[in-house]
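These notes are about the structure you will find just below.
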Amino acid sequence: MMNFQELDAKWQQAWHEAKLFEVDSDKKPKFYLTVAYPYVSGPMHVGHGRTYTVPDVIARYKRMRGLNVLFPMAYHFTGTPIVGAAKRVTRREPDFVRVLTERYGVAEPELPKFEDPHYFATHFARESELSYRKGMEWLGYSIDWRREFTTVDPSYSKFIAWQYHKLYDAGLIVKGKHPVKWCPGCGNPVTDHDLLEGEGVGIVEFTLLKYKIDDYVIPAATLRPETVFGVTNLWLNPDVKYVSAQVNGERWIVSEQAVKKLRDQGYQVGEVSSIRINFGREVEVPLTHKRVPILPAKFVDPDNATGVVGSVPSHAPYDHVALLELQQHPDTLKAHGVKSSDVEGLKPISLIEVEGFGESPAIDVVNRIGIKDQTDSRLEEATAEVYRNEFAKGRMRSWVPKYAGMLVSRAKTAVCDDMLANNEAATMYEFSAKPVVCRCGTPVTVKVVEDQWFLNYADEGWKEKARACLARMDLVPPETRAQFEHTIGWLHEWPCTRSIGMGTPAPWDPKWIIESLSDSTIYMAYYTIAHILKTIDPAKLTDEVFDYVFHGKGSADSISRSTGIDRQALERMRREFEYWYPLDYRMSANELIPNHLTFHIFHHALLFPKLCPRGIISFGMAVLEGEKMSSSKGNIIAINEAVREYGADTVRLYLMSVSEPWQDLDWRTSEVEAMRRNLERFYSLAEEILVLPETGSPSFAQPELWMLSQLQRHVQAVTEALEAFETRKAVQHAFFFIMQNLRWYMKRAQQPEARAHMLKRVFNVWLRLLAPFTPHICEELWERAKSGGFISVAPWPKVEEGLIDEGAELVESYLGRVLEDIGKILRVVKVEKPKRVCLYVAQDWKWRAYRIAMTRVQDGRVDFGKLLRTVEKELGLRLHTADLAKYLQQAVQELRGMPEQDLKTLARVEVDELQVLLDATNFLREQLGVQEVRVFKAEDATRYDPQDRAKLATPMRPAIFVE
RNA sequence: GCGGGGGUAGCCAAGUCAGGUCAAAGGCGUGAGGUUUAGGACCUCAUCCCGAAGGGGUUCGCAGGUUCGAAUCCUGUCCCCCGCACCA
């Protein structure tokens, strides 16, 4: 078995020493591509391997096309997951520690160091054997490592500060309130990663409708404020403790649990005292000013929002069932001091009409399911069904004032906004599911952050700039355009600061950190100068430096004087930026279209309006043997394990061949192993070719002409595929199809010199086609073939149009077809070792008739009678007209079914079937394993044809007889 | 619900935009034969069903339709996956 790993190391070292991938501005045309830098919260696994191999393959291809290619890399340190991971180490969470020590090779005594998020990130960025830097080196990426940085480097922070000054000055940073998940125990906002329970739980916004009684406000929480028109009563839970609290200058009645939540959510909560609820008393409904009674209901959850619910029996299954129960059990009412006469008259009020439901959807659904009790758990699904239908398809009924006819989805916000404006409503947040518990064990709450900063993507002017930028971009795959367009329209204020985590302080309000998606929108510009910035004291990097470098403002001289930065360094940065920008292609995961990638467009549109990125390629996701990978659980295959096991080129070729970049990728060990065997086979074939003797320029026969022609086709296909980023298609041609062709050719080739010459010639092209995918093996073989220089920068093969030979291709496919037909016959007659195979080539008249029919078919419509007469006349044969007609019918049908291209070729090329078969007699005999292959013309009177099969011959399909 | 993607032979997956070369590429798996000291690997062939002559039959989620002809176009329908925000 080959030791590919030795080759990997050898050539990686050679590239490094030759500084082959370190590039600066140049006279040559450039190609600049980037891929989302990794978020370093764990090791680099095979899924990342695909993400980063695609740009490397493209970079290598473009380099061979003669472009000056920049492919840089950095690491994302900003944000909470790394901090969260470090915290998990601090707490010594057993599962996490186990993954770290047993799976990721961290030594037990080292653990305390991992409590520091920066250490943690650095470890997985570049120190560990499992790190991204090592993985990328092992895979032989053609990265310019001089430009490597992290997002918490001081110079990068200066760059972010410059960017955010610009955004702030443009008025696109706004301040507002914002609900977050908050852990009272930690005193921090928490993310999903920080949760013990309740992962993926959302925050929903309730509207509190202010019902009034005397001087009190009873705020009923609802997700459907538009149903206020259908309220029949208010629900409070008789078993719950309610309190009266001073809230924003009003006296509110809420459940005891709600008080703390209101306080967290920015309400001014003063004195709190207990209160007894008088069921049966009437309260005034906001907006409609109707009076409705307070009634008892056990389904009301005191821990959900305010613990008070308005009752809309027509559209809310819970309300309908609870009301029905009260009406049927007056004794319950009596216990709470309510007169049954107060309840009897309450009738559901329908305010929404929705197709497929009657007057009251809630009642329909409850009756259909057969729910009788307000504690029935099926009420949840009933509620969901009613809500879903009403929200999607419902309209407000005509009697509803002001909102009549409005779609429920619109009325919801309209009613809510109106009521908020009149102080008849308020807003409260609650989790969509419970419980939500922090890893520290404390239940998480919703907290409204008061002075949160937002990027105002809602700004129409900004959106327009982003749309203009998008319109000019090339998107791969093209279907993503709709997603981008949709996202630009849908984005509004994005909270761009955090109170915790590593990163750059917001320049105007340094107690906040710029959030991680917000600090990685235009870093492609930073790469262009990253290596030069390393020579400059970050303290000197004022805004005017970046203004000069990126916008050409001011002069190098004056900035050099005011900052103390060397003038030439400034000029060089300006030059580099101007050379490399705009970015040619951005690659990232398609799940980032709704934020990261669209932000990238927004920020470029604003800061570099004339230098918008030229294209975006969105990758699919990666799975392992059909299962989701998860770094934190350790069920991944790390890149270093994969490379150690299979070698870099196998891993690369596999990742590129298994699916196109935008499709999902499935890493399957059995297929990776098969790929390694294929590569080994390739390598041993290459070694056979290498030792072939040099020959002069022998003359070529049919097999050589065919091989050269096929090769051109593959060069063309690989080139087109790579231009379109279709790595899988490219590998199919560059690897598998050429391999297949070569096998066929080697069986077909007759003359040893021509064969040796041809193999070497094909091999030279073949290696170059494979070099972007399997660079290490290709470098090695390139060197051993004494081709000179690095193949990594060798010229990409050109299609030699003159070598495309349709005739030669037609002949080979003809032979293939003949072989296949014989094989089928042998199988059907169950003859394993035939003694003799005879072939009979179609009679001349059939060929001539065929050619005439061919021209008719090519012209389009075939007038059969006319065709028949023409043929009869032209051939001047004494044939039975019926025989001729039958044959012509068959020929026309066959020609019609033929693809246009083949028809054209056939019309253009003369094939001497007899000669072709005679030339291939040896080949056919070997392939079939028969003693004798004989070829005749069908009309040859002396032919050997005991079963008289010759008459079955048609052009391009000889008759066959096997013995 | 909104936005996007998808259902193809045992599995993965091409083909669909530009209808005929499509019983449908390629890979994996499986079977037979060859080779090898054995295992492994390698090579050849086969792998929807039927067939003692290169043929026929039935297929591309399901049901209709357009067409001489549909995996491909149209209509309807069922199912699956991803994203929907403060999370990178």
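This one's a predicted model, so the numbers in the text were calculated from it and none came from an experiment. Side chains are part of it too, since the values below use all heavy atoms of this structure and drop only hydrogens, waters and symmetry mates.
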With the side chain of [X] defined as its heavy atoms from C-beta on, choose the nearest nucleotide among [options].
{"X": "A:Arg498", "options": "B:C84, B:C28, B:A88", "answer": "B:A88"}
{"X": "A:Glu479", "options": "B:A25, B:G4, B:A88", "answer": "B:G4"}
{"X": "A:Val828", "options": "B:A88, B:G55, B:A53", "answer": "B:A53"}
{"X": "A:Gln740", "options": "B:G26, B:C87, B:C28", "answer": "B:G26"}
{"X": "A:Ser670", "options": "B:G54, B:A88, B:C28", "answer": "B:C28"}
{"X": "A:Phe736", "options": "B:A25, B:G27, B:A88", "answer": "B:G27"}
{"X": "A:Asn595", "options": "B:G54, B:C28, B:C87", "answer": "B:C87"}
{"X": "A:Gln732", "options": "B:G55, B:A53, B:A25", "answer": "B:A25"}
{"X": "A:Asp821", "options": "B:G54, B:A88, B:G3", "answer": "B:G54"}
{"X": "A:Arg743", "options": "B:U44, B:C11, B:G55", "answer": "B:U44"}

Only pairs with both distances under 3.5 Å count, Watson-Crick or wobble alike; so what is the partner of [N] in this structure?
{"N": "B:A18", "value": "none"}
{"N": "B:A9", "value": "none"}
{"N": "B:C2", "value": "B:G83"}
{"N": "B:A38", "value": "none"}
{"N": "B:A71", "value": "none"}
{"N": "B:A32", "value": "B:U44"}
{"N": "B:A53", "value": "none"}

Could you tell me the separation between the [atom1] atom of [X] and the [atom2] atom of [N], rounded to a whole number of Å?
{"X": "A:Leu665", "N": "B:G6", "atom1": "CG", "atom2": "P", "answer": "18 Å"}
{"X": "A:Glu673", "N": "B:C28", "atom1": "CD", "atom2": "P", "answer": "12 Å"}
{"X": "A:His45", "N": "B:A88", "atom1": "NE2", "atom2": "C1'", "answer": "13 Å"}
{"X": "A:Ile514", "N": "B:C87", "atom1": "CD1", "atom2": "P", "answer": "16 Å"}
{"X": "A:Met621", "N": "B:C81", "atom1": "CE", "atom2": "C1'", "answer": "7 Å"}
{"X": "A:Leu475", "N": "B:G4", "atom1": "CG", "atom2": "P", "answer": "14 Å"}
{"X": "A:Glu660", "N": "B:G5", "atom1": "CD", "atom2": "P", "answer": "17 Å"}
{"X": "A:Asn590", "N": "B:G3", "atom1": "CG", "atom2": "C1'", "answer": "13 Å"}

Would you call the rings of A:Phe737 and A:His714 parallel, tilted or perpendicular, where under 30° means parallel and over 60° means perpendicular?
tilted

Over 60° means perpendicular and under 30° means parallel, so tell me whether A:Tyr39 and A:His76 are parallel, tilted or perpendicular.
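A:Tyr39 and A:His76: perpendicular rings.
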
Go through the side-chain N and O atoms of A:Tyr814 and A:Glu913 and say whether any donor and acceptor fall under 3.5 Å apart.
yes

When the [atom1] atoms of [N] and [M] are considered, how many whole Å apart are they?
{"N": "B:A25", "M": "B:U72", "atom1": "C1'", "value": "16 Å"}
{"N": "B:G54", "M": "B:A18", "atom1": "C1'", "value": "33 Å"}
{"N": "B:C62", "M": "B:G56", "atom1": "P", "value": "24 Å"}
{"N": "B:G26", "M": "B:U47", "atom1": "C1'", "value": "15 Å"}
{"N": "B:G64", "M": "B:G1", "atom1": "P", "value": "27 Å"}
{"N": "B:A13", "M": "B:G65", "atom1": "C1'", "value": "30 Å"}
{"N": "B:G69", "M": "B:A53", "atom1": "C1'", "value": "28 Å"}
{"N": "B:C11", "M": "B:C60", "atom1": "P", "value": "15 Å"}

Looking at [N], I'd like to know if its phosphate oxygens (OP1 or OP2) sit under 4.0 Å from a side-chain N or O belonging to [X].
{"X": "A:Arg677", "N": "B:C42", "result": "yes"}
{"X": "A:Arg681", "N": "B:A41", "result": "no"}
{"X": "A:Ser659", "N": "B:A13", "result": "no"}
{"X": "A:Gln663", "N": "B:A14", "result": "yes"}
{"X": "A:Ser516", "N": "B:A88", "result": "yes"}

For [X], answer base if it contacts any base atom (sugar-phosphate contacts may also be present), sugar-phosphate if it contacts only those atoms, and nothing otherwise; contact means non-hydrogen atoms under 4.0 Å.
{"X": "A:Gln947", "value": "base"}
{"X": "A:Phe961", "value": "base"}
{"X": "A:Val190", "value": "sugar-phosphate"}
{"X": "A:His596", "value": "nothing"}
{"X": "A:Val658", "value": "nothing"}

Hey, could you give me the CD1/OG1 distance between A:Ile513 and A:Thr80, rounded to the nearest 0.5 Å?
12.0 Å

Inter-residue atom distance A:Met675.CE - A:Ser657.OG, 0.5 Å rounding:
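So the gap between those two atoms works out to 3.0 Å.
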
So do the side chains of A:Arg224 and A:Ile352 get within less than 4.5 Å of each other, counting heavy atoms only?
yes

Got a donor-acceptor pair under 3.5 Å from the side chain of A:Arg728 to the base of B:A25?
yes

The answer to which of A:Arg817 and A:Thr480 contacts RNA chain B further toward the 5' end, by nearest nucleotide, is A:Thr480

Between A:Pro958 and A:Leu592, which is nearer to the 5' end of RNA chain B once each is assigned its nearest nucleotide?
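This one resolves to A:Pro958.
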
Give a yes or no on whether A:Lys729 atom NZ has more than 12 heavy-atom contacts from other residues, nucleotides or ligands under 6.0 Å away.
no

Decide whether a cation-pi geometry holds between A:Arg836 and A:Tyr944; the criteria are a distance under 6.0 Å from NZ or CZ to the six-membered ring centre and an angle within 45° of the ring axis.
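Relative to the ring axis of A:Tyr944, which defines the angle, A:Arg836 lies inside both limits.
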
Looking at A:Tyr646, I'd like to know if the NZ or CZ of A:Arg676 sits under 6.0 Å from its six-membered ring centre while staying within 45 degrees of the ring's axis.
no

